[in-house]
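Each remark here refers to the structure printed beneath this line.
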Amino acid sequence: MRTVDEHLADILGNVAVLPPLDLALLEAQGTVLAEAVSAPVPLPPFDNSAMDGYAVVAADVAAATEADPVTLPVIGDIVAGDTGVSALRPGLTARIMTGAPLPAGADAVIPVEWTDGGNATVRISRAAPSGHYIRRAGEDVPAGQVVVDAGSRLGAPQLGMIAAVGRSRVTVRPRPRVVVVSTGDELREPGEPLAPGQIWESNSYMLTAAVVEAGGVGYRQATVEDEPAKVLEMFHDQLVRADAIVTTGGVSMGTRDVVKEVLAGTGTVGFHKVRMRPGKPQGFGLLEGVPVFTLPGNPVSAYVSFQVFVRPALRAMQGLAPDPLPTVSAVLTDDVKSPPGLRHYMRGLLSFSHGSYTVTAAQSQGSHQLGSLASANALIELGEDAEALPAGSHVEVMRLP
Ligand code: AMP
Ligand code: MG
């Protein structure tokens, strides 16, 4: 027997960050940046107008009021994208659009709303201080500044920022390609009819989705029968394309536990009883350098094992900290019991009201009872030393993705 922490430490000690890859920006969405991206030039690159209005010398309009406007000749229009160099002499103004380069000599922009909008001459009815409605070069980002750090997950704002500093490609950690395979003679594809003794296969769908939630690319494979030769063939076929393989089923103490049978002693794969509920029988190791996670077959055991062991490993492969699912402290609404000596993950419903979290454990906690997982939003994590916790106790609760 080993503890959850020991098993996780074994896993994290054996997975490596994936080699970096150069991707076009939109292909990089959701990946983790492997380089620091910095601005080659200041942003904005030049002083420009923050408003549609008139570029002026502030001193020229210092006396302007509603009752006594200042009238200036308009020398022309400057629009966003104008590449010519323009200049303004005192006593004159130029109509200017948002984002257009400020003409040399101007030191303020009067918004069009403060004028009569004139073409040849304009009446300005309010004064503005020097610098008014000017966006200065570098006031967003100075030249050379790092705008997105290595190790950042690339979401919409980060992709926008990288484009804004002129980069079309980035070096990232690729999404781990994770092959997900279920094993079991009793399993049928959803959509197919069931014979007596058969059930619809669900783990591979659940875990392929969980891989995607964890930042990976999930490749669901057809279910493999409980035949040693077929299980071995599957591993052989999948190793060439996978960054990791996740299987379910066939790792406990039955007579058809073929995953355990064929992998024991292969590569560095080891099988362990882990002090947890659900999820006691676990296997992990490297096959030809590829991390292989053999999770138990009961659906809730498989899911909890994924969140506790596989998700942190997939994060590490992406160059992220191998954090567990985010937790909050919550108050139990009812008494709960927990098996001594085991880390207990209970399905629960977390809710927030009157400024604090409460959590109610689901009625059904059997490892085959997927129904209570599908209606849960959290896992209550009870330590090995917990036995009976009365309502009102504070517990740590993992939020499910
Ligand atoms: P095993 O670990 O293979 O002994 O399976 C334990 C239990 O989980 C059995 O009741 C299996 O029928 C069930 N089970 C195993 N794999 C799956 C799967 N992929 N989808 C749904 N149930 C499964
Ligand atoms: Mg089985």
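Both counts, for ligands and for their atoms, begin at 1 and track the order of listing. Throughout, numbering of the chain's residues begins at 1 and tracks the sequence.
The protein non-hydrogen atom at the shortest distance from atom 20 (N) of ligand 1 is Ser202 N, 3.1 Å. In this structure, the protein non-hydrogen atom closest to atom 6 (C) of ligand 1 is Asn298 N, 3.7 Å. Here the heavy atom of the protein found nearest to atom 17 (C) of ligand 1 is Asn203 ND2, 3.2 Å.
In summary, Glu384 and Arg275 do not engage in a salt bridge, as defined by a charged side-chain N under 4.0 Å from a carboxylate O. Between Arg343 and Asp5 there is a salt bridge, with a side-chain nitrogen of the basic residue lying less than 4.0 Å from a carboxylate oxygen of the acidic one. Electrostatic pairing of Arg123 and Glu66 does not count as a salt bridge here, judged by no charged N lying under 4.0 Å from a carboxylate O.
Rounding to the nearest 0.5 Å gives a distance of 8.0 Å between OG of Ser125 and CG of Asp116. Rounding to the nearest 0.5 Å gives a distance of 7.0 Å between OG of Ser204 and CD of Glu189.
Contacts classified as side-chain hydrogen bond (donor to acceptor under 3.5 Å, both in side chains) and involving residues 308-322 (residues at least two apart or in different chains) are given here: Arg153-Gln318. Counting only residues at least two apart or on different chains, the salt bridge (charged side-chain N to carboxylate O under 4.0 Å, His left out) pairs with a member in residues 252-263 are Asp185-Arg256.
Residue Pro296 places no N or O, backbone or side chain, under 3.5 Å from any N or O of ligand 1. For ligand 1, none of its N or O atoms has an N or O atom of Trp200 under 3.5 Å away. For a threshold of 3.5 Å applied to N or O pairs, the pair formed by Ser204 and ligand 1 contains no separation below that value. Of the N or O atoms in Gly297, one or more lie within a sub-3.5 Å distance of an N or O in ligand 1.
When Leu389, Leu342, Leu332 are each tested for a side-chain contact (heavy atoms from CB on, under 4.5 Å) with Leu382, only one passes: Leu389.
Close approach of ligand 1 to Ser182 (heavy-atom distance below 4.0 Å) involves ligand atoms 19 (N). Atom numbering of ligand 1 starts at 1 in the shown order; those under 4.0 Å from a heavy atom of Glu201 are 18 (C), 19 (N), 20 (N). Within the listing of ligand 1, atoms 12 (O), 21 (C), 22 (N) sit less than 4.0 angstrom from a heavy atom of Ile199.
Contacts with ligand 1 closer than 4.0 Å are made by no heavy atom of Thr223, backbone or side chain.
Using modelled atom types, no side-chain atom of Ser152 and backbone atom of Leu154 make a donor-acceptor pair closer than 3.5 Å.
Within the 4.0 Å heavy-atom shell around ligand 1 one does not find Gly254. For the pair Gly250 and ligand 1, a heavy-atom separation below 4.0 Å is found. Under a 4.0 angstrom heavy-atom cut-off, Glu186 registers as being in contact with ligand 1.
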